[in-house]
Protein chains: 2
Amino acid sequence: MSLPHAILTALLERPSSGLELTRRFDRSIGYFWSATHQQIYRELGRLEADGAIRALAAEQPARGQKKRYEVLPAGRAELARWTAASQDPKPHRDVLLLRLRAAAVVGTAGVEADLRRHLDLHRRQLAEYEEIERRDFPPGRDSAQDRIQHLVLRAGIDLETFWTKWLTHALEELAALP
Amino acid sequence: MSLPHAILTALLERPSSGLELTRRFDRSIGYFWSATHQQIYRELGRLEADGAIRALAAEQPARGQKKRYEVLPAGRAELARWTAASQDPKPHRDVLLLRLRAAAVVGTAGVEADLRRHLDLHRRQLAEYEEIERRDFPPGRDSAQDRIQHLVLRAGIDLETFWTKWLTHALEELAALP
DNA sequence: GTCCACATGTAACTGGTTACATGATTGG
DNA sequence: CCAATCATGTAACCAGTTACATGTGGAC
């Protein structure tokens, strides 16, 4: 149950309409919690019904009309509760590792091309994160909020760095296979 | 659609019953593709209906009786096809990073305890992986299958190493917050 | 003969995905 | 006015989760 909390966080950062949220999920928040517009509209409806958010006044609820939402005190309280609550880490899933394990049994024919493609994708993502770091976190700024967001970005950068290194190594190993 | 392929891989490595598969998913394969016994039984039923696997003869299909499955040629072909096919990486989800981002907005009260708990869990997992590496991959063995499986294990070790480092750093940063 | 662990399942629910529908606004 | 784009939604489906049900075999 994390999507509603992702939306509450985004709306606290800035009140937005459904489509604006969708775009922001494609950029920053979506880097570690993605969502489609269908999910977002469904969840906005639930959050509004629960009294966690409300549509800003003077925005009529017609189809095709923008509707901006803001977080109500109940929503902020729920987000604070969720943030502080202890949560077990979800077991981690990775299709690529699963495919390699399958390749160990049925043969590696065909996997290398896709490993190369993934390597390229991770390199691009890494470059994007580093660009964000240069742009949004120049040395010297250190409000609490900046530091925490930088910390999260560093996790992204280090993870992408790991994957590029690992994929490079994996391609070398596959090439050298008996 | 990865669970059926995870099961096919496991069954090719060794024909097994549903509960044996469940146990193996709790250990090795489950490290990057977990599954509950309910999922596994459902999927075994589908794979059998599709002609990808079959129950070994002389094992009666009664409730409470062991039923061992083996992979049929059609199942092996499907696994090889899936392994070689190009697949886009799934957008990556991480609740802990989401919670930190929320904490940047609603305050960090309460998160530190859970970060410490996660750090401990990742340290244990890392130790477990390193133990497996010592036990199953001593220097010098290098069949193709060994090398690929070792590669997958190295990904696990490096990921856990990353998380322990990052969590340690995050705890220091939180402690030093204004 | 009863209890417990083993083993296989069923059913209901939840969250995420895919495909499609509908109205409003703007540029040509 | 027509097409493209913006914006909000509906519906059906599928995979994963949670709770529960049922039968077998061995230990005591």
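Proteins come first, then strands; the chains are lettered A, B, ... in the order of their sequence lines, and each starts at number 1.
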Protein-nucleotide distance (B:M1, atom CE; C:dG16, atom C1'), rounded to Å: 16 Å

Salt bridge or not between B:D120 and B:R117? Use side-chain N to carboxylate O under 4.0 Å. no

Which part of the nucleic acid, if any, lies within reach of A:T22 when heavy atoms closer than 4.0 Å are counted: base, sugar-phosphate only, or nothing? nothing

Only one of B:R76, B:E78, B:R81 passes side-chain contact (heavy atoms from CB on, under 4.5 Å) with A:V106, and that residue is B:R76

Could you state the CD-P distance from B:E43 to D:dC14, rounded to the nearest angstrom? 12 Å

Once you round it to whole Å, what is the distance between C1' of D:dT24 and NZ of B:K67? 15 Å

Does A:Y41 make a side-chain N or O approach to OP1 or OP2 of D:dG9 shorter than 4.0 Å? no

For the side chain of A:S34 and the backbone of A:G30, is there at least one donor-acceptor N/O pair under 3.5 Å apart? no

Whole angstrom is fine here: how far is it from CZ in B:R24 over to P in C:dA7? 15 Å

Given atom CZ of A:R46 and atom P of D:dT10, what is their separation to the nearest angstrom? 12 Å

Provide, to the nearest angstrom, the distance between the CG atom belonging to A:L47 and the P atom belonging to D:dG9. 13 Å

Rounded to the nearest Å, what distance is computed from the NE2 atom of residue A:H92 to the C1' atom of nucleotide D:dG16? 17 Å

Are B:R46 and B:E43 ion-paired here, with the side-chain N under 4.0 Å from a carboxylate O? yes

Assess whether a salt bridge exists between B:R99 and B:D114, defined as any Lys/Arg side-chain N lying under 4.0 Å from an Asp/Glu carboxylate O. yes

Every protein N/O lying under 3.5 Å from an N/O of nucleotides 17-20 of chain C:
{"unit_1": "C:dT17", "atom_1": "OP2", "unit_2": "A:Q39", "atom_2": "OE1", "d": "3.3"}
{"unit_1": "C:dA19", "atom_1": "N6", "unit_2": "A:Q38", "atom_2": "NE2", "d": "2.8"}

Against B:T164, only a single residue in B:Q125, B:R123, B:H169 fulfils side-chain contact (heavy atoms from CB on, under 4.5 Å); can you say which? B:R123

Within this structure, what is the CG-to-P distance between B:L19 and D:dG25, rounded to whole angstrom? 15 Å

